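Computed from a predicted structure; not experimentally measured.
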Amino acid sequence: MLGAVDTDGTDGPGSQFMGPDYPIPNLAGGLVDGETMSKAAAAGVDVHGELMKHNTTPPLWKVDSGVLATHNISLNDLTVTLVMGRTEAK
């Protein structure tokens, strides 16, 4: 099992997507779980391709997994990862 949180130290991408043609607000991140890939496939999102372009805001928005942000909030760079493995019974 793996759980991770991360911030890039900015207000988050998103404002470049706002406008009449692309009304996506700033995202603070996203919640992704075992169902996300199925939702992405159903929505026509190429997850691997978008990750390779470092383009997560539009895909997260399309699968309703984006977490909205308040402008001018910055956490600096932070990454926390928890990896839990199975233990062998003795």
According to side chain to side chain contact (heavy atoms under 4.5 Å, CB included), who are the partners of Ala43, at least two apart in sequence or on a separate chain?
Val45, Val63

Is there a path from Leu51 to Met37 through hydrophobic residues (I, L, V, M, F, W, Y) whose side chains come within less than 4.5 Å of each other?
yes

Same cluster or not: are Val47 and Trp61 linked, directly or through other Ile, Leu, Val, Met, Phe, Trp or Tyr residues, by side-chain heavy atoms under 4.5 angstrom apart?
no

Not counting sequence neighbours, which residues clear side chain to side chain donor-acceptor pair (under 3.5 Å) with Thr36? List them please.
Asp33

With sequence neighbours excluded, tell me which residues meet side chain to side chain contact (heavy atoms under 4.5 Å, CB included) with Leu31.
Val67

Write out all pairs satisfying salt bridge (charged side-chain N to carboxylate O under 4.0 Å, His left out) with one or both partners inside residues 39-51, taking only residues at least two apart or from two chains.
Glu50-Lys53

